[in-house]
Amino acid sequence: MMVVENLLDVKSYFAGEVKENFVVQYEKMAKSGAFFDAGGWHELEEETAECVKVLCQTGEACSVTRVKEYPVNAESTVDAVLARIRESHSDIFKG
């Protein structure tokens, strides 16, 4: 079985506030399982997942590395995650 992920929404946060090589990005993904059986592909039920990622450009063109990923859910809203990133990753913010 393989996992299929489709990007539903993406937003950038702290634009202009983080150092040049960093990005804080929200992603909403639709995830489903897929498998090949009886001559065709079959897809299992879809679920959505949300997260906020701290990414760093590695120096190579268009290449980034994930520094940290925070899930978004009922206990940890986007606003709560952004506050946590501002506190935990203060080194990525400008002066």
Side-chain angles (χ1 to χ4, degrees):
M1 178 165 18
M2 89 175 138
V3 176
V4 178
E5 294 183 334
N6 293 307
L7 185 61
L8 301 175
D9 192 15
V10 64
K11 295 177 188 169
S12 181
Y13 287 95
F14 303 127
E17 295 182 51
V18 293
K19 293 178 182 173
E20 186 176 322
N21 293 337
F22 290 92
V23 175
V24 177
Q25 181 172 290
Y26 162 85
E27 294 179 358
K28 184 175 184 177
M29 306 286 288
K31 295 183 178 188
S32 59
F35 62 95
F36 189 81
D37 186 37
W41 282 100
H42 303 278
E43 206 167 320
L44 300 174
E45 226 174 279
E46 184 176 90
E47 65 179 42
T48 59
E50 298 174 77
C51 68
V52 177
K53 296 178 181 179
V54 177
L55 305 168
C56 179
Q57 185 176 5
T58 62
E60 298 175 25
C62 300
S63 181
V64 294
T65 300
R66 182 176 54 213
V67 175
K68 184 77 175 177
E69 182 174 325
Y70 297 92
V72 174
N73 51 44
E75 295 84 37
S76 189
T77 65
V78 172
D79 288 338
V81 169
L82 294 175
R84 184 172 175 195
I85 288 170
R86 191 176 285 280
E87 182 180 312
S88 299
H89 299 278
S90 60
D91 58 316
I92 72 168
F93 289 88
K94 295 176 182 176

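- Here the side chain of H42 pairs a donor or acceptor atom with the backbone of D37 at under 3.5 angstrom.
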For residues 43-53, run the donor-acceptor check on the side chains, cut-off 3.5 Å, and write out each pair with its distance to 0.1 Å, sequence neighbours left out.
| from | atom 1 | to | atom 2 | distance (Å) |
| --- | --- | --- | --- | --- |
| E43 | OE2 | S32 | OG | 2.8 |
| E50 | OE1 | Y26 | OH | 2.4 |
| K53 | NZ | E27 | OE1 | 3.0 |

query = Under the side-chain contact (heavy atoms from CB on, under 4.5 Å) criterion, do E17 and R86 qualify, and how do the steps go?
reply = CA-CA 10 Å; E17 295 182 51; R86 191 176 285 280; 2.8 Å; yes

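- Hydrophobic clustering of Ile, Leu, Val, Met, Phe, Trp and Tyr side chains at less than 4.5 Å, counting indirect connections, keeps V72 apart from V23.
- Here the CG-CD distance, from L55 to E69, works out to 9.0 Å after rounding to the nearest 0.5 Å.
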Using residues 88-95 as the side-chain source, report each donor-acceptor pair under 3.5 Å to any protein atom, sequence neighbours left out, with the distance given to one decimal.
| from | atom 1 | to | atom 2 | distance (Å) |
| --- | --- | --- | --- | --- |
| S88 | OG | R84 | O | 3.1 |
| H89 | NE2 | Y70 | OH | 2.6 |
| K94 | NZ | G16 | O | 3.3 |

I'd like a table of donor-acceptor pairs (distance under 3.5 Å, sequence neighbours excluded) in which one partner is a side-chain atom from residues 2-15, with atom names and distances.
| from | atom 1 | to | atom 2 | distance (Å) |
| --- | --- | --- | --- | --- |
| E5 | OE2 | K31 | NZ | 3.3 |

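- Residues M29 and V24 do not share a hydrophobic cluster, defined by chaining ILVMFWY side chains whose heavy atoms lie under 4.5 Å apart.
- Heavy-atom minimum distance, V64 versus T58: C-CG2, 4.1 Å.
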